[in-house]
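Report on the structure given below.
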Amino acid sequence: MSTTTRGGPAPREGSGSASDLRRTVLGLALACHTGPTVVVTALSGAVAAAVGAPAWTLVVVVLSVLLGQLSIGWSNDWIDAPRDLAVGRRDKPVVRGLVGVGTLRGAAVGAGLAGGVLPFVLGPAAGAAHLVVVVSGWLYNARLKSTPWSWAPYAAAFGALPAFVVLALPGAARPAAWVVVVGALLGVGAHLANVLPDLDDDAATGVRGLPHLLGRRADGVLAPVLLAAGAATAVLASDGPPGLGVVLVGVSAVLVGAVAGSVGLVRPTSRLPFTLAMVVAALCVVALVASGDAAVS
């Protein structure tokens, strides 16, 4: 691919030198959306440990989620490459010439197939749940991100993810309903927060998902509210009275969410609501892990 845009030339593929290999590896590492991939994978492992997954199950869960998240991240940068090149997004590896579109496509498909098949060794229900996660991510990247239904894949994927972890346990374990609700709230809140920094670039390339229709101010308020609601749900779902630590996590999530929402109202162009929303998301994850025993019904 040799298209040149204001972001620079797209990379040539297939030269095979050691330098090109290093650039490709770096490009793949960056294009997988490293932060979210690591966080989601770590969350899944933490939840699996919290609900008492055996070592073998824990390894398969973590590897499956990692492969699925790599596939979703790589497919995002592959599918979005024309838009990223058009607006010159230098934070994107394709625009910087680190990795080619064909390489991303092959990596995304390979990781998607592996991440779709591997979880079935833990049982058909677990495999199906993780398949929902991967397919939802691909549907978002391929089509739904540009529609008012952009929130739906996030709700489905994040709701199915903790369900997958519980269904992967030996025996007849089933996820409690609140686990799916917390995951869905976390997913939609993360979606709104994640899009905040990119609203202008997205608008320039015709992406009109739910966050774009709501507008920056509404996104900045709604994202932390949903994330705080997820944390509060996880706290209240604990068996018996929640411990002091869990309560403090829930209260902190609500307070940080209130600050983020206030900033979103007063300064709709600020990046602070996005940062604070990520803090609320982290607290929501802590609350979910702390309530892990109640996640299995």
Side-chain angles (χ1 to χ4, degrees), residues 1 10-11 13-14 21 24-45 47-48 57-84 92-94 98-147 149-165 167-168 183-184 186-187 190-191 194-195 207 209:
M1 188 171 175
E13 299 195 48
L21 177 60
T24 298
V25 171
L26 176 60
L28 287 172
L30 296 173
C32 76
H33 297 221
T34 312
T37 293
V38 171
V39 169
V40 171
T41 303
L43 162 64
S44 302
V47 174
T57 301
L58 179 61
V59 169
V60 176
V61 164
V62 170
L63 184 56
S64 298
V65 173
L66 176 60
L67 287 168
Q69 293 304 304
L70 288 173
S71 173
I72 293 168
W74 285 333
S75 68
N76 180 273
D77 272 30
W78 152 42
I79 294 169
D80 281 357
R83 285 192 287 262
D84 294 336
K92 292 293 186 177
V94 170
L98 294 175
V99 66
V101 174
T103 300
L104 281 177
R105 179 173 58 245
V109 171
L113 290 174
V117 172
L118 178 60
F120 280 92
V121 305
L122 300 173
H130 191 256
L131 199 58
V132 169
V133 177
V134 177
V135 170
S136 295
W138 275 68
L139 285 175
Y140 174 81
N141 293 337
R143 172 60 183 151
L144 293 180
K145 72 181 297 180
S146 299
T147 75
W149 291 95
S150 62
W151 60 272
Y154 272 83
F158 279 77
L161 189 58
F164 157 62
V165 174
L167 290 168
L186 178 59
H191 169 48
N194 187 52
V195 173
V207 176

Of Thr103, Asn141, Val101, Val99, the one forming a side-chain contact (heavy atoms from CB on, under 4.5 Å) with Trp78 is Val101
Side chain to side chain contact (heavy atoms under 4.5 Å, CB included) assessment of Leu66 paired with Val40: CA-CA 8 Å; Leu66 176 60; Val40 171; over 6 Å; no
Here the pair of heavy atoms bringing Ala48 nearest to Leu58 is CB-CD1, 3.6 Å
Can you find a pair of side-chain heavy atoms, one from Leu131 and one from Phe164, that are under 4.5 Å apart? no
Rounding to 0.5 Å, atoms OH (Tyr140) and OG (Ser75) come to a distance of 11.5 Å
Value for CG (Leu113) from OG (Ser71), rounded to nearest 0.5 Å, stands at 8.0 Å
CD1 of Ile72 to NE2 of His33, rounded to nearest 0.5 Å, is 10.5 Å
In terms of heavy-atom contacts, Ser136 and Ala156 come closest through OG-CB, 3.6 Å
Handout entry: Lys/Arg-Asp/Glu bridge criterion (N-O < 4.0 Å) met for Lys92, Asp80
Key = no
Here the gap from Thr37 atom OG1 to Leu67 atom CG, rounded to the nearest 0.5 Å, amounts to 11.0 Å
Between the OG1 atom in Thr34 and the CG atom in Leu70, the distance rounded to the nearest 0.5 Å is 9.0 Å
Between the NE2 atom in His191 and the CH2 atom in Trp151, the distance rounded to the nearest 0.5 Å is 10.0 Å
Closest non-hydrogen atoms of Ala31 and Trp74, given as atom of the first, atom of the second and distance, are C-CD1, 3.7 Å
Check: So, Thr41 side chain and Val38 main chain: donor-acceptor pair closer than 3.5 Å or not?
Finding: no
* Would you say His130 and Leu122 make side-chain contact, with heavy atoms under 4.5 Å? -> no
Between Pro93 and Leu30 the two heavy atoms that sit nearest each other are CG-CB, 3.5 Å
message: In the structure I gave you, are the side-chain heavy atoms of Val133 and Gln69 within less than 4.5 Å of one another anywhere?
response: yes
